[in-house]
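Chain A is the first sequence line, chain B the second, and so forth, proteins listed ahead of strands; every chain is numbered from 1. Computed over heavy atoms, backbone and side chain alike; hydrogens, waters and symmetry mates excluded. These figures come from a predicted structure and were not determined experimentally.
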Number of protein chains: 2
Amino acid sequence: MNRRNTPTKEAVLNLLSNSKKALSQDAIEKQLDIKINRATIYRVLNRFCEDDMVHRIVAEDGKQYFAICKKCEKPEDVQYHFHFRCLSCDTIECLQVPVNYAVPNGYRVQGANCVLTGTCSDCSQVVG
Amino acid sequence: MNRRNTPTKEAVLNLLSNSKKALSQDAIEKQLDIKINRATIYRVLNRFCEDDMVHRIVAEDGKQYFAICKKCEKPEDVQYHFHFRCLSCDTIECLQVPVNYAVPNGYRVQGANCVLTGTCSDCSQVVG
DNA sequence: TGTATTATTGCAACTTATTCGCAATAAATA
DNA sequence: TATTTATTGCGAATAAGTTGCAATAATACA
């Protein structure tokens, strides 16, 4: 199952690389210059995730968001990090904040999906 | 908008009270003795959440799970806690593990949805 | 350089979770 | 007991994500 290079793949990867935020399929489709089918975008994204080039975040809206970040670039860096969902500008971003936890005896952790919700620094500026 | 007591409401609340795990609408419907409409269950659950009697967890499967736990009983206890989703027995439970985080300047946190994934203590016992 | 192999794509249909409008029902209250 | 309106059931709608299939195109190889 060798991967092939296609314009679609490249376009989506570019978009994610240049975005500071995690993007949903929806957002990706809108931001792309070229028209790419919904199902294709999902397939491309799922492949990126399989290949550990991108990670998937599920927000409390139940939707999937995709991001490339520092953490993705060094897969040795196993530590999970928090994500932040701003209710004001409706975006999700990776925080450089590690997730610390101590689970009870016998629990084996294999993954983490941690999203904080609130107002991001940009949107908090409203006051002055 | 005063709340009324109904058999439905009582049944769902009982179920959640006696369950150690967080339950999805689906699970609730199956476990109830009486037949309650899907939409009604959602409405009851959403009302419970509004009234802070129950809290809602969104797992990486994108589904909502509902739970009553110690934390729910003392709303003054603002601290968020982790949830654990066992991939083996496919359940979600509240952990007595607080979520600690330090967000960058300017960020205002109003909520948290933190789910750890893996194998719970019961399912880890397989070995011995 | 031409051809075969098979990963990738687009399309349409499907699944699943959740919500919504509306009319009927039933708590609470006077 | 009558009135008010929260709650329910039903069916339909919405939205996110997946899947089957045939067509297309990237890669490998003669």
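- B:Arg38 and B:Glu29 are not joined by a salt bridge, as no carboxylate oxygen comes within less than 4.0 angstrom of a charged side-chain nitrogen.
- In terms of modelled atom types and a separation under 3.5 Å, the side chain of B:Ser19 and the main chain of B:Leu15 share no donor-acceptor contact.
- Between C:dT5, C:dC20, D:dA12, one nucleotide has an atom nearer to the side chain of A:Arg4 than all others, and that is C:dT5.
- Among the protein residues, B:Gln64 comes within range of the sugar-phosphate backbone only, with heavy atoms under 4.0 Å from sugar or phosphate atoms but none that close to a base.
- The A:Tyr42 side chain lies nearest to D:dG17 when the options are D:dG17, C:dC20, C:dT18.
- In this structure, CD1 of B:Ile41 is placed 13 Å from P of C:dA17, rounded to the nearest angstrom.
- Between C:dT19, C:dG10, D:dG17, one nucleotide has an atom nearer to the side chain of A:Ile36 than all others, and that is C:dG10.
- Rounding to whole angstrom units, CZ of residue A:Arg38 and P of D:dA15 are separated by 12 Å.
- B:Asn46 has its CG atom 16 Å from the P atom of C:dA17, to the nearest Å.
- Atoms CZ (B:Arg3) and P (D:dT5) sit 16 Å apart, rounded to a whole Å.
- Using bins of under 30°, 30° to 60° and over 60° for the plane-to-plane angle, the ring pair B:Phe84/A:Tyr107 lands in the perpendicular bin.
- C:dA17 atom C1' lies 16 Å from atom CD1 of B:Ile57, rounded to whole Å.
- Among the atoms of the strands shown, none is found under 4.0 Å from any heavy atom of A:Asp26.
- As judged by a 4.0 angstrom heavy-atom cut-off over every strand, B:Asp61 is placed among residues making no nucleic acid contact.
- One atom, CZ of A:Phe48, and another, P of C:dT8, lie 10 Å apart when rounded to the nearest Å.
- Among C:dC20, C:dG10, D:dT4, the nucleotide with an atom closest to any side-chain atom of A:Asn37 is C:dG10.
- When heavy atoms are screened at a 4.0 angstrom cut-off, B:Thr8 is found touching the sugar-phosphate backbone but no base atom.
- With salt bridges taken as basic N to acidic carboxylate O contacts below 4.0 Å, one links A:Glu50 and A:Arg3.
- Residue A:Asn2 has no polar side-chain atom (N or O) positioned under 4.0 Å from OP1 or OP2 of D:dT27.
- The backbone N or O of A:Ile57 lies less than 3.5 Å from no partner atom in the side chain of A:Asn113, so there is not a single donor-acceptor pair.
- With salt bridges taken as basic N to acidic carboxylate O contacts below 4.0 Å, none links B:Asp51 and B:Arg47.
- Judged by closest nucleotide on DNA chain C, A:Thr40 is the one of A:Thr40 and B:Gly62 placed further toward the 5' end.
- No hydrogens or angles were tested; on distance alone, nothing pairs the side chain of B:Arg43 with the base of D:dT8 as donor and acceptor under 3.5 Å.
- The nearest whole Å value for the distance from the CG atom in B:Leu23 to the P atom in C:dA17 is 15 Å.
- Phosphate proximity of D:dA26 to A:Thr6: absent, as no side-chain N or O sits under 4.0 Å from OP1 or OP2.
- Computed from coordinates, the B:Gln25 CD to C:dT16 P distance equals 13 Å when rounded to whole Å.
- The phosphate of C:dT18 has neither OP1 nor OP2 within less than 4.0 Å of any side-chain N or O from B:Arg56.
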